[in-house]
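A quick note: this is a predicted structure, and the numbers were derived from the prediction, not measured. Worth knowing before you read on, the calculation uses all heavy atoms, side chains too, and leaves out hydrogens, waters and symmetry mates.
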Amino acid sequence: MRSDYTYDVPRFKKILARMKEAGCSFVVASGNQYYQLRDLFPGCDDELSFVAENGAFVKDRTEIIFAADIPKETVRFVADLCEGYPEIQNVMCGLRSAYCERGAVSREFFELTKIYCHRLDWADDFREVDDRILKFAVTVPDEKTYYYYDMFRERLEGRLEPTTSGHGAIDLILPGCHKASGLKRLAKRRGISPEQCAAFGDGGNDIEMLKYCGHSYAMANAPEEVKQAARCVCPSNEEDGVLATLEELFP
């Protein structure tokens, strides 16, 4: 997927057909919302598996096999904590929808978030939302990403864990919940080993997944720590590196 969320659809569908012939599945693994990911693959979503929300939501073709459930007390704790930092912009991600708190973020931020959350609603108070909460997606000033990452790690210890792909984006998820945990659930369901799995990644939230899979590829545009977690480096996402590598794996 390129940075503008486009990809070569005919090329992808040819690769997907070859993967199916070989008895292999294609998994879309992302920190983004399932509904956004589904819309990126129109007409294919029932053929694909999804590890969305950084592992907090896992869907195998037509069946949801895992959805995180953050306790209400933790939701209240996070809401209270973030209110103490006015520059934090917070999105609460639920099973039915994602939510922005009215009065806490701007209309501009709400509209921008719709790019990543195709189901997004306003809420008067996060504490009162009636939904199964998967994670929190926090936006902070880019230069303070790791200041807030460390703050969340300290203040939320034992409740939630922060993960970041950098650039001011921090997800707060249940401990042990990440892209690799989602892949493990799918692999166990299919009866396959990590050595039979391949993964591609370009962000810090891909590291566990790259370490888990026997065939792992960091994109050429990935930070050094991501490249160190992978066995190989492939062309960047702007060069359709995933498709090019899959064509080599499934000639």
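Note: Y5 and Y116 have perpendicular aromatic rings, judged against thresholds of 30 and 60 degrees for the angle between ring planes. A tilted orientation is assigned to the rings of F26 and F41, their planes being inclined by 30° to 60°.
Under a 3.5 Å cut-off, the side chain of E239 and the backbone N or O of S236 do form a donor-acceptor pair. Side chain of T139 to backbone of A169: no donor-acceptor contact under 3.5 angstrom is found. Between the side chain of E225 and the main chain of G204, no donor-acceptor pair closer than 3.5 Å is present. Of the possible donor and acceptor atoms, one in the side chain of R132 sits under 3.5 Å from a partner among the backbone N and O of A67. Remark: side-chain polar atoms of R119 are not paired, donor with acceptor, to backbone N or O of A98 under 3.5 angstrom. Panel note: side chain K184, backbone Y212; no donor-acceptor pair is recorded below 3.5 Å. For the pair K227 (side chain) and A220 (backbone), a donor-acceptor distance under 3.5 Å is present.
With respect to the salt-bridge test (charged N to carboxylate O, under 4.0 angstrom), the residues R159 and E73 qualify.
The hydrophobic cluster containing F66 does not contain L37, counting ILVMFWY residues as joined when their side-chain heavy atoms lie under 4.5 angstrom apart, directly or transitively. Linking Ile, Leu, Val, Met, Phe, Trp and Tyr whenever their side-chain heavy atoms come within less than 4.5 Å leaves Y85 and V105 in two separate clusters.
The shortest side-chain heavy-atom distance between I173 and L160 does not fall under the 4.5 Å cut-off. Between Y34 and C93 the shortest side-chain heavy-atom distance does not fall below 4.5 Å. A heavy-atom distance below 4.5 Å is found between the side chains of P141 and E87. Contact of the I88 side chain with the L81 side chain is not registered, since no non-hydrogen atoms from C-beta on lie closer than 4.5 Å. At least one side-chain heavy atom of R2 sits less than 4.5 Å from a side-chain heavy atom of D240. Contact check for P162 versus Y148: no side-chain heavy atoms found under the 4.5 Å cut-off. At least one side-chain heavy atom of D125 sits under 4.5 Å from a side-chain heavy atom of E101. For the pair M209/H178, no side-chain contact is recorded, criterion being any heavy-atom separation below 4.5 Å from C-beta on.
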Problem - Worked check of side-chain contact (heavy atoms from CB on, under 4.5 Å) between S216 and K211 - result: CA-CA 7 Å; S216 55; K211 289 181 176 179; over 6 Å; no
Practice task
Let me see the working for F136 and V75 under side-chain contact (heavy atoms from CB on, under 4.5 Å), right down to the final yes or no.
Solution key: CA-CA 9 Å; F136 289 89; V75 171; 4.1 Å; yes
Exercise for the section: Decide yes or no on salt bridge (Lys or Arg N to Asp or Glu O under 4.0 Å) for R127 and E83, but give the supporting numbers first. Expected result: CA-CA 12 Å; R127 305 164 189 82; E83 282 181 356; 2.9 Å; yes
Practice task
Evaluate the side-chain contact (heavy atoms from CB on, under 4.5 Å) criterion for residues Y147 and V140: first the C-alpha distance (whole Å), next the side-chain angles of each, then the deciding distance (0.1 Å), finally the verdict.
Solution key: CA-CA 10 Å; Y147 166 80; V140 298; over 6 Å; no
Exercise for the section: Take E247 and R11 through the salt bridge (Lys or Arg N to Asp or Glu O under 4.0 Å) test and state the conclusion after the steps. Expected result: CA-CA 9 Å; E247 284 174 334; R11 189 179 182 188; 2.8 Å; yes
Exercise for the section: Given side-chain contact (heavy atoms from CB on, under 4.5 Å), test M219 with C234 step by step and report yes or no. Expected result: CA-CA 5 Å; M219 314 307 291; C234 70; 3.6 Å; yes
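For residues 188-205, the set of pairs meeting the salt bridge (charged side-chain N to carboxylate O under 4.0 Å, His left out) definition, not counting sequence neighbours, comprises D60-R189, D60-R190, E63-R189.
Remark: T163 OG1 to D206 CG distance equals 9.0 Å, nearest 0.5 Å. Atoms CG and CG, from N90 and L172 in turn, are 7.0 Å apart once rounded to the nearest 0.5 Å. Note that the CE atom of M151 and the CD1 atom of I170 stand 7.5 Å from one another [nearest 0.5 Å]. Interatomic distance, CH2 of W122 versus CZ of R107, reported as 5.5 Å (0.5 Å rounding).
Aromatic ring centres of F57 and Y35 lie farther apart than the 6.0 Å criterion allows.
A cation-pi contact, defined as under 6.0 Å to the ring centre and within 45° of the axis, is absent between R18 and F250.
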